[in-house]
Amino acid sequence: MEKSTFIALLPAIPLFSFLVLALFGNKLSRKATGFIGAGSIGIVALLTLIIATEFFHSLPQIKTYTVVVWEWINAGNLKVNISFSLDSLSLVFCFVITFVGFLIHLYSIAFMAKDEGIKRFFAYMNLFVASMLILVLADNILLLYLGWEGVGLCSYLLIGFWYKEPANGYAARKAFIITRIGDTAMIIGIFILFITFGTVNIHELMQLASAKWASGSSIAVITAALLLCGALGKSAQLPLQTWLPDAMAGPSPVSALIHAATMVTAGVYLIARTNMLFSLAPVVQFAIAIIGALTLLIAGFSALAQHDLKRILAYSTISQIGYMFLALGVGAWSAAIFHFMIHAFFKALLFLGAGVVILVLDEEHDIFKMGGLRKKMPVVFWTFLIGSASLSALPLITAGFYSKDQILWFAYSSESGSLWLWIAGIVGAFLTALYSFRMIFIVFFGESKTLPSFNAGKLMTVPLVILAVLSLIGGFVELPESFGNFHPFSKLIENVLPVVLIKDIGNLEILFQLLSAVIALTGVYLAYIIYFKKPSLSASFNHSHLNRFFEKGWGFDKLYDTLIVVPVVWLSEIDKNDFFDWMNIGLSKLALLLNSLFSITQNGKLRWYLMSFVIGIAFILTFMLYK
Amino acid sequence: MDVFFYIAVAIAIFSTIMAISRRNAIHALLYLILSLLAVSVVFYLLSAPFIAALEVIIYAGAIMVLFIFVVMMLNIGLEKSMEKKWLNPRMWIIPSLLAGILLVVLFLALSNVGSLTENKGDILPKQVGISLFSTYLLGVEIAGILLMAGVIGAYHLSSQNKKVTHRFLEKK
Amino acid sequence: MILFYLIAILLGGAFLSWMAGRLSAALPRIISLVALTADLILIVAFVLQLDTLNNKWLVDLNADWIPKFGISFHLALDGLSLLMLILTFFLGIISIIISWKEIKVRVGFFHFNLLLILAGIIGVFLSLDLFLFYFFWELMLVPMYFLIGIWGHEKRIAASFKFFLYTQASGLLMFIAILALYFVHGRSTGVYTFDYMQLLGTQMGYTTELLIMLGFLAAFLVKLPVVPLHNWLPDAHSEAPTAGSLILAALLLKTGAYGLLRFVVPLFPSASVSFAPIGMLLGVVGILYGAKLAFAQTDLKRLVAYTSVSHMGFVILGVFSFNEIAYQGVVMQMIAHAISTGALFILAGQLYERTHTRDLNKMGGLWETAPVMGAVGLIFAMASLGLPGLGNFIAELLILLGAFKANVFMSCLASVGLIAATIYSLRIVQKIFLGKKITDWKFNDLTIREKIVSASLVIIIVWLGIFPRTVLNTAKPALQKTLEVQKENNNDNNKTESILDLRFKN
Amino acid sequence: MTETDFLCLTPFLILALAPIVIMLVISIFRNYEIVFGFSLLSLILAFAALFFIAPAIPHSIQPLFIIDMYSLFFLGIIFISAFIVALLSYNYIKRLEGVREEYYIILFTSTLGAALLAVANHFVLFFLGIETLSISLYILIAFQRTKDNSIEAGIKYLILASVSTAFLLFGMGLIYTAFGSMMFSEIATAISLQGPLTSLAITGFGMMLVGIGFKLALVPFHAWTPDVYQGAPAPVSAYIATVSKGAVMAVLIRFFFNIKGFDDHYLFIIISAIAILSMFIGNILAIRQQNIKRLLAYSSIANMGYLIIILLTGTNKGIQASLFYLISYFITTISAFGVITLLSNAKNEAEMISDYKGLFWKRPFVAIVFTLALLSLAGIPITAGFIGKFYVIFEGMKAGLMLLVFAMIISSVIGLYYYLRVITTMFSPAGETTLPQITFMGKFTLAAITISILILGIYPGWLIDIITRFVGL
Amino acid sequence: MLTIPIETQILFAGILFFLGLIGLLVRRNMIFMLMSIEIMLNSAGLVFIIAGNHWKQPDGQVMFIFILTVAAVEVAIGLALILQVYHHYKTLDADAVNKLRDQNSK
């Protein structure tokens with residue numbers, strides 16, 4: 001068998017197990033369900049490894065594997081295949097999806113053990129993995145769109161997994177609809193691409209675009225902007241970020257997999273994938289950087305004000321993806337991907353950890369009702385600490401430091417970078433450290449307020465530990481020049497994505513690194529002061545309006561409510577019964593009116609009839625003679 | 001001769017007006033007979049002596065007698081008070097107006113005729129007879145059938161029911 | 001002759017099942033099932049023995065009917081009609097299966113009407129004589145009217161009246177237009193005929209062409225329906241019995257779309273082009289307005305009915321885009337919408353059978369009671385919002401893409417419909433299956449019979465989503481020919497006559 | 001009188017002799033069945049006679065008669081309709097109390113009147129025919145003299161018909177004054193010699209229109225129709241709706257086409273207006289009607305409105321269309337009234353729509369017959385009415401009468417509403433009403449009519465060919 | 001013989017005709033209505049006589065004879081019916097005989 005056909009198996013296996021679970025789910029035991037659900041992902045992870053090995057073996061020569069599975073659409077000049085292609089970019093994503101995914105699946109077996117919907121859960125999860133793999137492996141943009149929507153669907157299904165609570169359903173729909181808004185813009189962008197170039201193959205499209213479109217031409221800008229809209233929706237960036245915090249209504253493994261590690265970074269993938277297009281539209285690319293910067297700040301502040309453990313993580317996710325966008329915006333492609341990978345490790349870890357906390361505290365989400373958990377669940381504490389440290393980019397030991405620093409550096413140093421972007425990044429980094437350790441101190445230190453009802457099993461802690469290790473050492477695949485100058489990751493990525501262009505500003509990287517390390521540490525220390533040493537400092541802030549403003553996500557929800565939701569609902573209410581119906585009612589009224597009118601003449605009186613006779617003949621004769 | 005025509009016309013119109021406006025049925029019928037007689041004079045003047053005779057005999061004679069017979073039979077005199085109520089003077093207005101319009105139309109139509117020329121000569125009753133029994137023979141036969149139908153119908157409709165049910169009982 | 005047999009089998013089946021209705025209730029069901037299956041097998045067998053699908057007319061049957069007026073009994077089959085035929089037979093079978101338990105009274109007459117409607121529908125899909133076409137077009141109405149009026153829900157009478165009057169009024173306008181075309185053609189060539197093939201490329205003045213086309217449009221747009229003319233649809237759909245709603249939504253509406261493709265575009269090449277902006281606008285308005293109303297409804301069937309309005313907006317949008325992609329999309333939409341909306345109506349029927357209500361506010365949390373039903377509902381809600389991987393996506397994608405070629409602005413507006421579709425489709429799922437349980441209904445999940453129906457529909461919609469080429473390749477030659485004819489006749493227009501010349505005396 | 005004359009008069013002679021024979025029979029002994037049988041036989045004979053005279057035509061008996069293919073055709077459909085009405089009357093009349101045999105005598109005289117109209121070529125015959133028909137109809141309408149309704153309908157019809165006859169006569173008189181002849185053909189010649197119509201002649205035509213409009217129940221001379229249809233015995237209503245109207249239509253077409261009335265601008269407008277008014281007023285009046293007989297009356301007003309469109313086409317093809325339309329209208333109306341007749345009994349006339357509640361489930365056969373009849377009236381395909389309407393619209397459009405055609409279409413949609421109302425009532429859940437059993441003969445007749453409705457609806461070609469043979473191109 | 005123009009003669013007939021019409025419209029008593037009809041028929045016959053005299057043809061008179069016949073029959077049947085009406089309705093008021101009418105008209 002050709003090695004490349006393995007690629008098709010990647011999405012096929014989880015899809016198959018999804019089918020099995022969906023069709024025969026009720027005949028399977030809970031154990032078998034978990035086995036199939038997690039096992040299939042395990043196999044895929046293994047397969048990814050095999051493919052990766054193969055890939056690395058032939059590295060210098062072959063950059064892309066492609067496999068055509070079947071002809072999908074053939075209409076007019078639109079010819080689309082179900083076909084996958086694998087390059088290093090996809091490979092990184094596949095790796096994250098399958099490995100992190102596998103760990104999360106493993107974790108889920110324990111996490112969902114008592115939930116009656118476990119079969120549904122695993123079915124959806126598997127479907128998600130399949131869709132996500134399709135997304136990253138698709139060799140044409142329509143197939144990518146298929147995966148794109150597929151993950152959206154799974155996200156919807158899993159957010160609303162506990163369907164009995166109407167709020168969950170609301171959150172799920174919100175997520176779907178908001179991302180759908182972005183997707184619609186994106187599909188229009190796809191239309192433009194197809195209409196202009198007559199193909200939907202991403203590779204060809206990019207070639208043709210760079211050949212035919214002038215840089216900065218309006219069509220390129222429009223197309224790039226439209227695709228960006230899709231990415232913004234999916235990756236929960238400004239102004240479409242509001243769905244993600246609500247999406248935490250789903251089970252924690254879902255948050256970990258979909259709303260932290262993989263799906264939300266699809267936007268990053270899309271932009272990276274179509275990077276040439278964005279290079280042709282520098283305005284849009286710069287807008288990405290700005291959006292990223294703004295988002296990371298806004299989300300950072302919001303995270304600081306949250307009470308709900310998972311919402312903190314959610315805002316943190318938004319913020320971190322903001323970093324990735326910032327990186328994309330300044331053309332630091334591989335930095336973005338690097339941060340994506342590291343982020344996947346530590347954010348999955350954090351979510352899983354949070355999941356354990358919440359689970360053992362009987363669905364307690366409020367961090368202020370937790371506390372002192374350090375002793376009671378040491379494994380969770382340590383892994384959570386590692387995750388938070390990585391998130392805060394504590395220097396040297398954490399992977400997050402390497403990835404984030406790279407972004408910060410490029411935010412300033414790349415050709416389109418600027419000081420302002422760097423300042424935003426560094427403020428964000430400070431905020432990150434602050435809220436991360438706010439979490440740690442409030443949840444794990446201090447006096448305990450709620451007692452855990454049981455201890456988490458091995459199946460849950462092992463993935464935590466693995467992820468914690470990855471969060472620590474993951475960063476060593478890419479070391480800055482000032483510190484080891486080891487770049488296998490960016491070399492890998494640069495097979496596909498362009499190299500970041502650096503302004504000629506001399507070797508200041510070490511300075512920036514030091515600065516950010518200090519900032520991160522300051523953040524941690526400040527958190528220690530405010531939230532542990534002198535909680536009164538934070539308490540006063542907790543009730544301020546500003547805090548509430550931050551907590552409500554800067555009022556975006558409210559704004560959208562008044563601007564969009566209220567008018568739409570109003571519109572649908574005022575004309576519920578379809579005012580066109582009045583046309584019919586009017587006509588039938590008219591007919592009935594005429595009927596009653598004419599009916600008067602049919603009153604049975606002979607002389608009336610005679611009168612109508614005579615009037616009729618009078619009219620006829622007068623008309624005929626004197627018209 | 002024209003004078004006679006106008007006199008006859010005047011009488012005819014006058015008596016017709018009287019006929020349609022009397023409350024008493026018998027009076028009205030007598031005026032009607034007068035009107036028919038006047039018209040028969042006109043027929044005579046229009047070189048139709050035979051028709052004039054027929055008018056007197058059949059119309060004024062037979063048909064009107066039939067009327068009088070029915071009026072007598074139903075003893076309509078009793079309903080005189082009703083007639084008074086029915087014959088509200090205002091009720092004349094609209095019908096007269098309508099008929100007036102039609103008459104004006106007819107008058108105008110006639111004034112447009114213009115080129116009608118008068119032929120001289122008479123139509124003798126003999127001619128009428130010959131025409132009736134040659135050209136229009138089939139018409140006469142049909143008229144016979146028509147009369148037969150009339151007779152049967154009049155018989156059927158006027159015969160009383162043997163079984164008398166009260167009309168209220170007949171209702172469904 | 002196979003085409004004639006197809007119709008004859010249905011007619012024969014119709015009368016047989018009516019007669020059999022006196023004997024037992026099961027017999028008519030079996031008879032109609034057999035008749036439809038026979039038809040399906042017949043047509044499939046016929047297709048399988050064909051070498052190629054590339055000829056425009058796969059089979060052509062032409063016989064005199066009323067020669068004095070140039071009316072013939074002309075039936076022909078091409079890829080487009082073939083698809084519609086298979087769809088009709090398949091959904092016919094489905095509609096019989098779903099009525100198995102629902103219809104308890106006057107079973108014989110019910111099946112009589114059902115088969116008669118189907119006969120009318122396939123007649124419409126096959127006729128190549130305009131008079132015959134009109135004949136079948138009207139033939140569908142009466143049995144449908146009976147179906148709604150006898151076996152429908154509470155307000156069935158008003159609904160059936162509305163349905164009948166709307167379609168009849170518009171149909172008569174089309175009839176006038178057919179006659180006008182006949183005369184115009186006869187006058188310019190001396191050949192008085194209703195034959196489609198001969199009427200193609202009729203020379204006429206622009207105004208004449210436009211007016212005649214409007215007559216045709218009236219009928220098709222009402223059937224489709226397009227927004228200001230759509231009022232009959234929600235009533236008819238929501239009041240009809242499940243099989244009735246299914247046939248209405250899945251098949252009857254498609255006759256309108258078919259008519260546009262088969263008649264309006266090739267017969268009136270230049271008028272249809274000049275009408276295109278209005279047509280596309282109507283489509284967009286339909287998409288958005290239908291979606292808006294769908295969102296506001298609390299009656300499940302009514303909601304689905306309005307989604308039909310919205311989805312059919314895509315069809316007209318595609319038809320007036322005049323390119324192959326859009327047309328392929330239209331064909332896909334016809335089929336995918338038939339399956340997905342049909343399935344939703346079936347779902348509504350199943351729910352009604354169990355809960356005796358269609359009120360969404362009384363439902364909620366039914367997933368717990370009926371997960372399979374929920375899953376099916378979910379899939380078709382997803383289909384209806386155009387989720388990739390399901391048939392509707394391909395349809396809407398192709399239509400929007402085609403429309404984008406023709407008119408960027410309209411296509412972008414129409415894309416907003418995708419968002420709107422998301423809103424209402426998710427509302428369906430949420431209101432019925434998710435959320436808190438309001439009532440304490442206890443009922444069974446789908447029975448085996450219902451599962452088979454649902455499963456087959458799910459398989460088809462997924463099949464359409466991932467193997468759309470089955471449909472696309474079949475319809476391709478027919479659509480290409482249509483476009484060719486349209487383009488050809490559009491070029492040589494020496495049009496001098498006007499509609500006023502229609503009056504003539506010899 | 002030549003031999004050919006006599007030959008050509010055979011159908012009329014049979015029609016004239018039959019009532020006399022019946023009278024003689026009655027005078028010996030009254031037997032309903034014998035009279036009935038003899039009547040049917042005579043009608044069949046009269047019809048058969050048409051085939052014998054066919055070779056001798058066209059033949060005219062100066063000045064009154066003209067017997068050509070056209071009149072032969074009308075004679076045929078008049079005889080057939082009369083035959084079916086007689087057939088349907090059997091039970092209905094039999095159930096009446098008192099003498100009943102006279103019914104058939106009058107049926108013959110009225111048929112004779114109608115037949116004469118079909119061959120009339122002269123005002124005298126026109127007048128005599130119309131009067132023979134009317135006078136017989138007075139009697140038929142009021143035949144159930146024990147019933148208020150019957151008598152009331154009779155007197156209303158009598159007075160209105162007499163007035164209309166007076167107008168007709170006055171109009172004829174004026175035309176005679178204007179042209180010096182009462183023969184259609186001579187009037188036509190005179191018109192063509194004189195040039196444009198004088199105002200006297202136009203006044204005359206206008207007044208004649210009253211008489212004809214009354215008989216055809218065209219607006220504004222329509223008011224009697226519902227009352228008379230309701231009051232008259234059901235078969236008689238059928239007779240009025242078909243034979244009487246058909247015969248008048250026959251003479252109207254002949255006269256109108258002779259004088260080329262469609263060429264006169266004002267006459268054209270007047271007739272268009274009358275047609276449009278008839279369609280709309282007829283249909284609108286019917287929409288809330290609860291009484292089926294009245295409903296059918298209104299429907300007939302509208303249908304006559306559709307039919308006179310044909311007058312304005314001014315072509316032989318138009319006449320063909322009108323003939324087809326008439327036939328389809330005849331069988332449809334007879335079938336509808338036939339159902340009413342068969343479901344009525346001496347005490348209870350099945351005339352309210354509510355009487356038909358649930359008919360579909362109680363008497364499926366009758367209900368289907370009735371449904372088809374109503375659908376045919378509405379012009380829905382597979383029924384004769386559809387082809388009839390198609391034909392009329394076809395010829396109307398060919399002649400460029402777009403306004404009329406559109407009016408026809410819009411009003412027929414209004415019309416559809418009330419037909420549907422009746423149908424809906426029939427298939428709504430069964431009501432309480434008990435309905436009489438239907439005889440085999442009745443069923444057979446209805447079945448035959450219904451099948452012919454269907455045949456004409458599905459395969460009308462042969463009839464069109466026949467009509468073409470009779471009227472020529 | 002008369003030297004009166006034919007227009008005047010017909011006008012006379014017309015006056016009689018419309019007088020009859022007025023009578024018909026005004027009177028509610030059916031017997032009077034029947035009488036008015038007779039006036040109208042008679043005046044219509046008068047037109048034929050006038051026309052026949054004008055064209056010097058016997059046809060007008062022949063027509064009159066037929067009209068006479070018909071008028072007689074109509075009167076006979078009309079009176080018979082009026083008798084029946086009187087029996088049924090106990091009135092001769094034409095307006096009171098209105099059982100047959102549209103149920104939704106007053």
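Quick note on labels: first sequence line is chain A, next is B, and so on, each numbered from 1.
Of the candidates A:Leu146, A:Leu143, A:Leu144, A:Leu146 is the only one forming a side-chain contact (heavy atoms from CB on, under 4.5 Å) with C:Pro388. Considering C:Gln328, C:Lys476, C:Arg469 in turn, C:Lys476 is the only one that fulfils the side chain to side chain donor-acceptor pair (under 3.5 Å) rule with A:Asn74.
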Criterion side-chain contact (heavy atoms from CB on, under 4.5 Å) on C:Leu397 and A:Ile73, from CA distance to verdict: CA-CA 11 Å; C:Leu397 173 84; A:Ile73 305 174; 4.0 Å; yes
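Residue-environment remark: CH2 (A:Trp70) exceeds the threshold of 12 foreign heavy atoms within 6.0 Å. Atom NZ of C:Lys437 sits in a crowded spot, with more than 12 heavy atoms from other residues, nucleotides or ligands closer than 6.0 Å.
In this structure, C:Lys162 and A:Asp581 approach most closely via the heavy-atom pair NZ-OD1, 2.9 Å. The two atoms that bring C:Val416 and A:Thr184 nearest to each other are N-CG2, 4.4 Å, heavy atoms only. Heavy-atom minimum distance, C:Ile325 versus A:Ala75: CG1-O, 3.4 Å.
Of all residues in residues 116-135 of chain A, those placing a non-hydrogen atom less than 4.5 angstrom from a non-hydrogen atom of chain C are A:Arg120, A:Tyr124. Using non-hydrogen atoms only and a strict 4.5 Å limit, the part of residues 152-168 of chain A facing chain C consists of A:Leu153, A:Tyr156, A:Leu157, A:Tyr163, A:Lys164, A:Glu165, A:Pro166. Proximity to chain A at a heavy-atom threshold of 4.5 Å picks out C:Leu378, C:Met382 from residues 377-384 of chain C, in numerical order.
Once rounded to the nearest 0.5 Å, the distance linking OG of C:Ser425 with CD1 of A:Ile177 reads 9.5 Å. How far CG of C:Leu401 is from CG of A:Leu142: 7.5 Å, rounded to the nearest 0.5 Å.
Each of A:Phe191, A:Phe194, A:Phe176 has some count of heavy-atom pairs under 4.5 Å with chain C, and the biggest count is that of A:Phe191. Top candidate by heavy-atom pairs under 4.5 Å with chain A, chosen from C:Gly386, C:Ala455, C:Gly365, C:Ala475, is C:Gly386. When each of A:Met583, A:Glu149, A:Arg173 is checked for heavy-atom pairs under 4.5 Å with chain C, A:Arg173 comes out on top. Annotation: maximal heavy-atom pairing with chain A below 4.5 Å, among C:Phe295, C:Tyr166, C:Tyr289, occurs at C:Tyr289. Most heavy-atom pairs under 4.5 Å with chain C: of the set A:Val569, A:Ile82, A:Asn77, this distinction falls to A:Asn77. Options C:Ile466, C:Val471, C:Leu165 differ in how many heavy-atom pairs under 4.5 Å they form with chain A, and the most are formed by C:Ile466. When the candidates C:Ala375, C:Ala296, C:Ala294, C:Pro371 are compared by the number of heavy-atom contacts under 4.5 Å with chain A, C:Ala296 comes out ahead. Between chain A and the residues C:Leu426, C:Leu293, C:Leu387, C:Thr422, the most heavy-atom pairs under 4.5 angstrom are made by C:Leu426. The candidate with the highest count of non-hydrogen atom pairs below 4.5 Å against chain A, out of C:Asn323, C:Ile394, C:Asp235, is C:Ile394.
Put simply, the side chain of A:Arg180 gets close to the backbone of C:Leu385: a donor and an acceptor are under 3.5 Å apart.
Here C:Phe393 and A:Tyr145 bring their ring centres to under 6.0 angstrom of each other.
With a 4.5 angstrom heavy-atom cutoff, A:Ile187 touches chain C only via side-chain atoms. For C:Leu398, the part lying under 4.5 angstrom from a heavy atom of chain A is the side chain only. With a threshold of 4.5 angstrom between heavy atoms, C:Gln480 does not approach chain A through any atom at all. When heavy atoms are compared at a cutoff of 4.5 Å, A:Ile195 approaches chain C solely by way of its side chain, counted from C-beta outward.
When the side chain to side chain contact (heavy atoms under 4.5 Å, CB included) test is applied to A:Asn81, the partners found at least two apart in sequence or on another chain are A:Val68, A:Glu71, A:Ser83.
Looking only at side-chain heavy atoms (C-beta outward), C:Leu229 and A:Phe580 stay at 4.5 Å or farther from each other. Within the 4.5 Å cutoff, the side chain of A:Ile188 has no heavy atoms near those of the C:Val408 side chain.
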